[in-house]
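Here is the structure we will look at.
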2 protein chains.
Amino acid sequence: MVEHLSEEELTDLFKCVSDETRRSLLVKLCQEGPCRVTELASHYDMSLNAISKHLKVLEKCSLISRSTEGRTHWLKANLSEIHKIEAWLDGLRSIWEIRLDRLAKLIETEERDD
Amino acid sequence: MVEHLSEEELTDLFKCVSDETRRSLLVKLCQEGPCRVTELASHYDMSLNAISKHLKVLEKCSLISRSTEGRTHWLKANLSEIHKIEAWLDGLRSIWEIRLDRLAKLIETEERDD
DNA sequence: TATATATTCAACTATATGGTTGAACATTTA
DNA sequence: TAAATGTTCAACCATATAGTTGAATATATA
């Protein structure tokens, strides 16, 4: 089943992972499992607030999820949205191959007609 | 062979495809094969200059290439760089799975020790 | 209750980005 | 050679983004 890929969602996803810090945060959460905001921030030469903002961007496009436990927030990676990026890339490749196929058939026909 | 993925290259690639117009241009070039700048621009409700700038961004990260023939420039898609994005996504997934594996083994050990 | 800890909110700054317009450049054609 | 065509360059504008700092909010602990 080919699902409909909203351009807006794709734009948000690509923009989200186009930032090195956010990619790094996502990797860290995949490696370490659920982490708190302060713990994540401790690895970066950047204010806690900056990290908090990055996490919100990741959360907004569902690349991470959050569960609040008292005053601490637990963040965890959620890779399920990644398939939307993969689907777009696969689509692109198949569009490319379809044209090459058409081209190959055209050349074949030309040769037959010579 | 796992090649080294430069963060800067990744950032540029993701930023490049995070724009809807640029994604659309890339798709069009995959579908139609080599096109001129004006021809591409004719499909968009946007100035020729804007499209020209988008093409330069695509060109800078090698998602398209250009060959000049007199006054006309022929653009064509080049999907070879796409694998860098795919490699990063694959890496992320494998990092995720490695942790889940470790976790599963841990639980197994815990159960054995009960 | 007072204080410390975990996090976000708000306001601000600097820079990057996507778009515009008008001029310039290069090449083709009349 | 003059005019038309294809493209880029340069300057500008509005908005978005990544970072900062300081205050606010919520919860835990002494």
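Only this structure's heavy atoms are used, side chains among them; waters, hydrogens and symmetry mates stay out. Every chain is numbered from 1 and lettered A, B, ... according to where its sequence line falls, protein lines coming before strand lines.
One can place CD of A:Glu39 at 17 Å from P of C:dT5, the figure rounded to the nearest angstrom. When rounded to the nearest whole Å, the span between CZ of A:Arg36 and P of D:dA28 equals 13 Å. Rounded to an integer number of Å, the gap from CG of B:Leu55 to C1' of C:dT17 is 16 Å. Straight-line distance from the CG atom of B:Leu48 to the C1' atom of C:dG22: 13 Å, rounded to whole Å. For the pair A:Leu58 CG and C:dT7 P, the interatomic distance rounds to 16 Å; values are reported in whole Å. The separation between B:His54 atom NE2 and C:dA16 atom C1' is 14 Å, rounded to whole Å. Between B:Met46 atom CE and C:dT17 atom C1' the separation is 13 Å, expressed in whole Å. In this structure, B:Tyr44 places its OH atom 19 Å from C1' of C:dT20, rounding to the nearest Å.
Each of A:Ser18 and A:Glu69 was matched to the nucleotide of DNA chain D holding its nearest heavy atom; the match closer to the 5' end belongs to A:Ser18.
Environment of CG in B:Asp45: sparse, with no more than 12 heavy atoms of neighbouring residues, nucleotides or ligands closer than 6.0 Å.
The side chain of A:Lys56 approaches C:dC9 more closely than any other nucleotide in the set C:dT7, D:dT20, C:dC9. Closest to the side chain of B:Thr21, from the set C:dG19, D:dT7, D:dA18, is C:dG19. Nearest nucleotide to the B:Ala50 side chain, out of C:dT7, C:dG19, D:dG6: C:dG19.
Residue A:Lys15 places at least one side-chain N or O closer than 4.0 Å to OP1 or OP2 of D:dT17. A sub-4.0 Å separation between OP1 or OP2 of C:dT20 and a side-chain N or O of B:Ser47 is present. Look at B:Thr38 and you'll find a side-chain N or O under 4.0 angstrom from OP1 or OP2 of D:dT7. In this structure, A:Lys53 does not reach the C:dT7 phosphate: none of its side-chain N or O atoms is under 4.0 Å from OP1 or OP2. Checking the phosphate oxygens (OP1, OP2) of D:dA28, no side-chain nitrogen or oxygen of A:Arg71 falls inside 4.0 Å.
Put simply, the side chain of A:Gln31 does not reach to within 4.5 Å of the side chain of B:Arg102, judged on heavy atoms. When side chains are defined from C-beta on, B:Arg23 counts as touching A:Thr11, because their heavy atoms get closer than 4.5 Å.
If you check distances only, the side chain of B:Asn49 never reaches the base of C:dG18 with a donor-acceptor pair under 3.5 Å.
The shortest heavy-atom contact between B:Leu5 and B:Ala87 is CD1-CB, 3.9 Å.
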Side chain to side chain contact (heavy atoms under 4.5 Å, CB included), that's the test. Do A:Ile85 and A:Val17 meet it? Break it down for me. CA-CA 10 Å; A:Ile85 293 184; A:Val17 295; 4.3 Å; yes
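In this structure, B:Asp19 reaches the sugar-phosphate backbone alone: every heavy-atom distance under 4.0 Å involves primed, P, OP1 or OP2 atoms, never a base.
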